[in-house]
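Worksheet: one structure, shown below.
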Amino acid sequence: MEYRGYDSAGIALVNNGKLNIYKKKGKVAILEESNIGEDLNGTIAIGHTRWATHGEPSDRNAHPHQSAGGSLAIIHNGIIENYGSIKEELTAKGYTFNSDTDTEVLLNFIEDIRKNNECSLEEALRIALKRIVGAYCILIVDQQDPDTILAARKGSPLVIGIGKGEHFLASDATPIIEYTKEVVYVNDYQIAIVKRDELVLKNLGNERETPFITRLDMELAAIEKGGYQHFMLKEIFEQPGTIYDCLRGRLQPEHGLITMGGVDAYLENLVKAQRIIIVACGTSWHAGLVAEYMIEEYCRIPVEVEYASEFRYRNPVINPGDVIIAISQSGETADTLVALENAKEKGAIIFGVVNAVGSSIARMSHAGAYTHSGPEIGVASTKAFTGQLAVLNMMALKIAYAKGTIDPEVYHSLLTELNQIPDKVAQILKNTDAIKAIAEKYAGASDFLFLGRGYNFPVALEGALKLKEISYIHAEGYPAAEMKHGPIALVDENLPVVFVATRDRFYEKIVSNVQEIKARKGKIICIVTEGDTHIPAMADDVIFVPDTPEALGPMLSVVPLQLLSYYTGLAKGIDVDKPRNLAKSVTVE
Ligand code: AGP
């Protein structure tokens with residue numbers, strides 16, 4: 001679970017009726033070191049990598065938390081929003097707390113209910129869950145019951161692996177595939193009573209529900225580095241294959257066909273849509289911005305690209321039948337998930353573009369398309385981004401063709417070009433050393449600007465985000481023409497400015513923008529189309545990418561920016577797979 005991002009870690013083991021808890025601020029390796037020689041045996045155990053919400057990263061706020069009575073331990077992914085009022089109730093009853101966390105409050109609340117109602121732990125949990133507000137995936141062990149783990153979920157992900165005489169519970173399937181491929185994705189408002197050889201699922205009404213077993217289509221190798229120094233570098237180099245996997249079985253340029261089951265099922269809704277709303281966060285939001293350009297240009301349908309967290313609370317106008325495209329690598333991002341639940345209640349059609357198979361957004365969407373990028377372990381999203389673009393491009397072309405808003409010749413040539421993207425990405429990757437040299441040259445910079453126009457504007461935003469995430473250098477992405485309305489004031493000989501300036505309808509315009517920066521001594525790094533000699537003549541550093549139609553360009557021009565951020569982070573000695581303060585899947589609002 002390390003890859004999901006965290007700031008402290010801990011485990012609780014039940015061994016012969018004794019509960020041992022070990023927890024520490026910092027990496028799992030520190031936790032291991034600090035508990036050498038301790039009793040690490042047990043029949044059941046729970047462990048947690050924490051990403052601080054309530055209470056700063058510290059040993060006392062790390063999970064698991066122990067109940068005041070001492071027999072219970074809990075781990076929790078999520079936020080209990082009404083923990084303050086519950087804490088007051090418990091404090092009034094004489095409870096004291098060892099941490100600042102909402103989680104410890106929840107555990108003592110459950111213990112108190114069990115004591116006062118003289119009921120089972122399972123019943124106490126059910127009662128407590130009806131009182132709390134928020135998102136949670138919680139696991140509880142009781143030293144008095146060394147054969148059971150109690151689990152419950154609402155909003156935060158939980159998957160249970162079915163083994164032979166053993167069970168595994170985790171936030172996602174990656175730590176489980178080593179032991180079993182048979183898993184159950186737990187739904188919201190379900191409680192799981194898990195024993196060595198029994199799994200019972202119940203709803204909050206105490207009714208049993210049949211576990212739906214899914215067979216994982218994932219190999220262990222997919223979550224190993226495969227000889228690369230970092231997952232991020234491995235995932236960047238996997239892109240020729242992952243884009244190919246995303247197109248395979250869907251794109252048949254020779255027959256002018258795009259086959260996507262989810263799109264086919266809702267093609268009429270998509271073609272007739274009065275508007276399309278794209279909802280996402282971070283890198284996925286940037287993919288949405290590229291899709292906006294594509295869908296408006298070829299499908300002639302107005303598109304709004306929304307930050308999920310703002311969209312959720314802005315009380316947007318959603319009409320029944322409106323189409324919402326939800327883009328998410330993990331399929332578990334809380335901001336996106338809650339925004340979609342809200343829109344679904346208002347009658348919108350939810351179309352998911354997701355990478356993680358079986359994830360919450362995939363399961364709550366009416367239809368969708370997986371990006372087939374394989375598990376993405378590095379916190380910085382790379383191969384999932386190009387996978388999202390491949391899916392969104394195919395969707396836009398399919399809708400446009402069905403709608404008759406695209407010239408058939410253009411349609412067929414774009415299909416042919418799309419089919420060549422994997423090879424063109426492979427070409428770019430051959431130039432890695434040159435990009436590494438540029439990264440090392442500017443690794444000492446304190447600020448960066450990324451500029452682009454048209455389809456390249458979202459790529460500039462993505463380049464800036466990648467550099468921020470991986471190198472901790474302050475970076476901003478801007479539409480190149482927007483510079484003269486303010487940001488150009490930042491330009492001097494110390495500021496590297498990255499232009500995404502591939503050959504497109506904006507070429508002449510961006511040439512002027514490059515000259516504006518050059519005139520103010522900014523350091524110019526350009527991503528240009530092979531064969532371009534004009535812009536390279538003005539630039540300090542140049543990265544060439546193969547030619548392709550501008551709508552498909554982002555799948556190529558982003559790759560050098562992924563490498564630029566990777567090698568800058570590497571040059572600065574940063575743990576690029578697990579950058580500070582970031583989580584791979586942000587499961588709290
Ligand atoms: C991207 O590198 C980041 N990891 C982050 O911005 C991410 O894109 C965002 O949290 C959305 O995640 P999702 O695609 O899993 O929903």
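In this chain, numbering begins with 1 at the start of the sequence shown. In what follows, every heavy atom counts, from backbone to side chain, and hydrogens, waters and symmetry copies are set aside. Counting starts at 1 for both ligands and their atoms, following the listed order.
- Atoms of ligand 1 found under 4.0 Å from any heavy atom of Ser328, numbered from 1 in the order shown, are 13 (P), 14 (O), 15 (O), 16 (O).
- Annotation for Asn77 and Ser171: closest pair ND2-OG, 4.4 Å, computed over non-hydrogen atoms.
- For the pair Thr336 and ligand 1, no heavy-atom separation below 4.0 Å is found.
- Around OH of Tyr313, the count of heavy atoms belonging to other residues, nucleotides or ligands within 6.0 Å exceeds 12.
- Side-chain contact check for Met394 versus Leu251: some heavy-atom pair is nearer than 4.5 Å.
- Around atom 6 (O) of ligand 1, the closest heavy atom drawn from Gly331, Gly282, Cys281 belongs to Gly282.
- Every atom of ligand 1 with a heavy atom of Thr283 under 4.0 Å away is listed here by number and element: 1 (C), 2 (O), 6 (O), 8 (O).
- In terms of N/O distances under 3.5 Å, ligand 1 is approached by Glu469.
- Contact atoms of ligand 1 toward Lys466: 1 (C), 2 (O) (distance under 4.0 Å to a heavy atom of the residue).
- Annotation for ligand 1: atoms under 4.0 Å from non-hydrogen atoms of Ser381 are 1 (C), 2 (O).
- Counting the atoms of ligand 1 from 1 in the order shown, those under 4.0 Å from a heavy atom of Val379 are 2 (O), 3 (C), 4 (N).
- The closest approach between a heavy atom of Glu332 and any atom of ligand 1 is not below 4.0 Å.
- Interface of Ser284 with ligand 1, defined as ligand atoms under 4.0 Å from a residue heavy atom, comprises 8 (O), 13 (P), 14 (O).
- Between Val353, Asn355, Ile361, Thr333, it is Thr333 that holds the heavy atom closest to atom 13 (P) of ligand 1.
- Atoms of ligand 1 found under 4.0 Å from any heavy atom of Gln329, numbered from 1 in the order shown, are 13 (P), 14 (O), 15 (O), 16 (O).
- Put simply, the residue from Ile327, Val354, Asn393 that forms a side-chain contact (heavy atoms from CB on, under 4.5 Å) with Gln388 is Ile327.
- Taking distance alone, with nitrogen or oxygen atoms compared against 3.5 Å, Ser330 approaches ligand 1 more closely than that limit.
- Using bins of under 30°, 30° to 60° and over 60° for the plane-to-plane angle, the ring pair His63/His76 lands in the parallel bin.
- Counting heavy-atom neighbours within 6.0 Å of Tyr179 OH, excluding the residue itself, gives a total of 12 or less.
- Residue Ala380 has at least one heavy-atom neighbour below 4.0 Å for each of these atoms of ligand 1: 2 (O).
- For ligand 1, none of its N or O atoms has an N or O atom of Leu465 under 3.5 Å away.
- Both tests hold for Arg580 against Tyr472: distance to the six-membered ring centre under 6.0 Å, angle to the ring axis within 45°.
- Residues Lys25 and Ile30 have side chains not in contact (no heavy-atom distance under 4.5 Å, counting atoms from C-beta outward).
- Using a 30° and 60° split on the angle between ring planes, Tyr455 and Tyr293 fall in the tilted class, from 30° to 60°.
- Contact annotation: the side chain of Asn315 never approaches that of Asn342 to less than 4.5 Å [non-hydrogen atoms, C-beta and beyond].
- Under a 4.0 angstrom heavy-atom cut-off, Ser585 registers as lying outside contact with ligand 1.
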